[in-house]
Amino acid sequence: MTTPLAEPLSLGIVGVASARARYSAALAALAEARVAGLADADARQSRAWAREVGRPGLFSSAAHMLAALPDLVGVVVALPLQEREMALEAAIEAGLPVLCDLPFTCDFASADALLRRAEAAGTRITPALPRRFDPWFDFMRQLIAAHEVGVIRHLRCDWNFPIGGPFAAENGDDPDGSRWTTLLPALLAQIADVSRWWLGEAYSVSADIDSAQYGAGALPAPRGGEALANLIVSHETAQSTFHFSRARSVFPAERYVATGEKGALELVVSAGERGSSVPLPLVRLHRPGQKSVLLPAPNPPPIPIGAWRSTRLLQSFINNDPEAPTATEGRLALELVHGAYLASREALKVSLPPRRTADLPS
């Protein structure tokens, strides 16, 4: 006799535009979950996505959805930064776990208050840190931990990304109103988590962040692109530097180089318009006086890497996997985000955790 499959778990999603860009392929691949409700003020976007995810209930707000759907097992919040706090509060009040983009809120005080309320309610807030589930990022972590090139002294990240809504939506920003200053905190949180994952705790940050806003509703960026943020982060035995820029390229270019006493490890995630002679992502080993070696990195997943990350992230959230990113890890990433803004504004190196919080919306 065949054992019947368990019923898929019911999820509610708040914020359709960004959630559709990031999680649509993941939800199609997950048999253990179904979308029971979509909450968004834009009914047109909700109706369009509902046809693809099994015609869930449509609601104008998180509160309305939670009141109407008592059988939900979790909530995914993919709203713009200024709107996240209200949705998080509603989910916590309902006693439901939440998967939410970083930053959770605009300041530390409200984020900490939400984390305390979630703990008191016996639920959890999981930060959306999909690179934790990328096999190439994990491969780099293993090589660094094994001292493949000795103790790492410096990590450099160069991230050049396209101007436009799709990239913003896939990385935790509003695709219709994306600006540099609202996208940057989401990207910084991702990189802050990667640097801590690879190099250990961050102790201080210096930064130079361009406050000009580009994108929808703002002046267009120069045709050649522009450098918009540079960060230097100190760890116990290493330093990491991050360079962010935007350009009118079709694809993002994302590259990491970890340098130790015996050489360097290079991870190329995407190469922008330059292309590559070998499939990406790739990991190279560089040693002084020797030709660089392409390392046998993990086999590519059966679906595109972005969809794979999101699928694994959702899976870990639904199953309350011990490997899922924790709220504490999310908060540590936010310390670096706020510290970077303070350091840029005051032209000072800021110790972490920062003693004050930055006003992210301004």
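On a predicted model such as this, the values are computed, not experimentally measured, just so you know. By convention here, the first residue in the shown sequence is residue 1. We use all heavy atoms of the structure for the numbers below, so side chains are in, but hydrogens, waters and symmetry mates are not.
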- Query: Taking 4.0 angstrom as the limit, do Glu346 and Arg356 come out as a salt bridge?
  - Reply: yes
- Looking only at atom types and distance, does a side-chain atom of Arg309 sit under 3.5 Å from a main-chain N or O of Phe133, one as donor and one as acceptor? no
- Query: With a distance cut-off below 6.0 Å to the six-membered ring centre and an angular limit of 45° from the axis, does Arg331 pair with Phe104 as a cation-pi contact?
  - Reply: no
- Item | Exam field: side chain Ser204 to backbone Lys349, donor-acceptor pair closer than 3.5 Å | no
- Indicate, with yes or no, if Phe161 and Leu267 share a hydrophobic cluster defined by side-chain heavy-atom contacts under 4.5 Å among Ile, Leu, Val, Met, Phe, Trp and Tyr. yes
- Message: Using side-chain heavy atoms (C-beta onward) and a distance below 4.5 Å, is Asp138 in contact with Arg141?
- Response: yes
- same_hphob_cluster(Val14, Val16) at 4.5 Å side-chain heavy-atom cutoff: no
- Please confirm whether the backbone N or O of Asp321 pairs with a side-chain atom of Ser316, one donor and one acceptor, at under 3.5 Å? no
- Query: At what distance, to the nearest 0.5 angstrom, does OG of Ser310 lie from CD of Gln315?
  - Reply: 12.0 Å
- Message: Check this for me: His64, atom NE2, are more than 12 non-hydrogen atoms of other residues, nucleotides or ligands nearer than 6.0 Å?
- Response: no
- Message: Please find the pair of heavy atoms, one from Val149 and one from Ala264, that lie closest to each other, and give the distance.
- Response: CG1-N, 3.6 Å
- Least distance between heavy atoms, Ala238 atom then His154 atom: CB-N, 4.4 Å
- Message: Counting C-beta onward and ignoring hydrogens, is there a side-chain heavy-atom pair between Met140 and Val194 closer than 4.5 Å?
- Response: no
- Query: If you group Ile, Leu, Val, Met, Phe, Trp and Tyr by side-chain heavy-atom gaps below 4.5 Å, do Phe59 and Leu11 land in one group?
  - Reply: no
- Given the rule in the side chain to side chain contact (heavy atoms under 4.5 Å, CB included) test, do Arg22 and Asp101 qualify, once you have shown the distances and angles that lead to the verdict? CA-CA 11 Å; Arg22 178 179 289 179; Asp101 291 311; 2.4 Å; yes
- Message: I'd like to check Ile13 versus Leu27 (side-chain heavy atoms, cut-off strictly below 4.5 Å). Are they in contact?
- Response: yes
- Please confirm whether the backbone N or O of Tyr341 pairs with a side-chain atom of Ser344, one donor and one acceptor, at under 3.5 Å? no
- Task: Of all the heavy-atom pairs spanning Leu79 and Gly15, show the shortest one and how long it is.
- Result: CD2-CA, 3.6 Å
- In Å and rounded to the nearest 0.5 Å, what is the OG to CD1 distance from Ser10 to Ile318? 10.5 Å
- Query: Going through the distances and angles, do Leu228 and Leu184 end up as a side chain to side chain contact (heavy atoms under 4.5 Å, CB included)?
  - Reply: CA-CA 9 Å; Leu228 292 171; Leu184 178 59; over 6 Å; no
- Query: Under a 4.5 Å side-chain heavy-atom rule over Ile, Leu, Val, Met, Phe, Trp and Tyr, are Val98 and Leu9 clustered together?
  - Reply: no
- Hey, mind stepping through Met65 and Leu72 against side chain to side chain contact (heavy atoms under 4.5 Å, CB included) and telling me if it holds? CA-CA 10 Å; Met65 179 180 71; Leu72 294 178; 4.3 Å; yes
- Okay, side chain of Glu329, backbone of Thr326: is any donor-acceptor separation there less than 3.5 Å? yes
- Task: Verify, without hydrogens or angle tests, whether Arg255 (side chain) and Trp159 (backbone) share a donor-acceptor contact under 3.5 angstrom.
- Result: no
- Message: Can you confirm whether more than 12 heavy atoms, excluding those of Glu32, are under 6.0 Å from its CD atom?
- Response: yes
- Message: On a heavy-atom basis, which atom in Cys106 and which in Leu81 lie closest, and how many Å separate them?
- Response: SG-CG, 3.9 Å
- Task: For side chain to side chain contact (heavy atoms under 4.5 Å, CB included), just list the numbers for Leu280 and Ile305, CA-CA rounded to whole Å, side-chain angles, deciding distance to a tenth of an Å, and then say yes or no.
- Result: CA-CA 10 Å; Leu280 297 178; Ile305 189 62; over 6 Å; no
- Task: For the residue pair Phe242 and Phe244, categorise the inter-ring angle as parallel (less than 30°), tilted (30 to 60°) or perpendicular (more than 60°).
- Result: tilted
- Residue Glu236 excluded, over 12 heavy atoms near CD under 6.0 Å: no
- Ignoring hydrogens and angles, tell me if any N or O in the side chain of Arg287 forms a donor-acceptor pair with the backbone of Lys262 under 3.5 Å. yes
- Check the pair Arg196 / Glu335 against salt bridge (Lys or Arg N to Asp or Glu O under 4.0 Å), numbers first and verdict last. CA-CA 12 Å; Arg196 284 187 59 255; Glu335 290 178 0; over 6 Å; no
- Message: Testing the basics here: between Gly37 and Pro56, what is the closest heavy-atom pair and its distance to 0.1 Å?
- Response: N-CB, 3.7 Å
- Query: Partners of Pro298 by side-chain contact (heavy atoms from CB on, under 4.5 Å), sequence neighbours excluded?
  - Reply: Pro135, Trp136, Phe139
- In this structure, CG of Leu231 is separated from OG of Ser240 (nearest 0.5 Å) by 8.5 Å
- Query: Does CD belonging to Glu323 count more than 12 external heavy atoms closer than 6.0 Å?
  - Reply: no
- Note on the structure: CZ (Arg246) and CG (Asn160) are apart, to the nearest 0.5 Å, by 10.5 Å
- Task: Report yes if some heavy atom in the side chain of Leu114 is under 4.5 Å from a heavy atom in the side chain of Glu89; otherwise report no.
- Result: yes
- Query: What are the two closest heavy atoms between Gly339 and Pro354, and how far apart are they?
  - Reply: N-CG, 4.1 Å
- Could Asp193 and Arg132 be called an ion pair, given the rule that one side-chain N must be under 4.0 Å from one carboxylate O? yes
- Task: Evaluate the side-chain proximity of Gln190 to Pro130: yes if any heavy-atom separation is below 4.5 Å, no if none is.
- Result: yes
- Can Arg156 and Glu266 be counted as an ion pair, charged N to O under 4.0 angstrom? no
- Message: Rounded at 0.5 Å granularity, tell me how far CG in Asp158 sits from CD in Glu254.
- Response: 10.5 Å
- Message: Centre-to-centre under 6.0 Å for Trp197 and Phe137, is that the case here?
- Response: no
- When you measure from the side chain of Thr123 to the backbone N and O of Ile92, does any donor-acceptor pair fall under 3.5 Å? no
- Backbone of Ala111 reached by a side-chain donor or acceptor of Thr105 within 3.5 Å: yes
- Hey, are the side chains of Leu342 and Arg355 touching, using non-hydrogen atoms and a 4.5 Å cut-off? no
- Single-linkage hydrophobic cluster, 4.5 Å side-chain cutoff, Ile152 and Val293 together: yes
- Answer yes or no: is there a side-chain heavy-atom contact under 4.5 Å between Ile191 and Val233? no
- Task: Rounded to the nearest 0.5 Å, what's the gap from CG on Leu88 to CG on Leu96? Could you check?
- Result: 12.0 Å
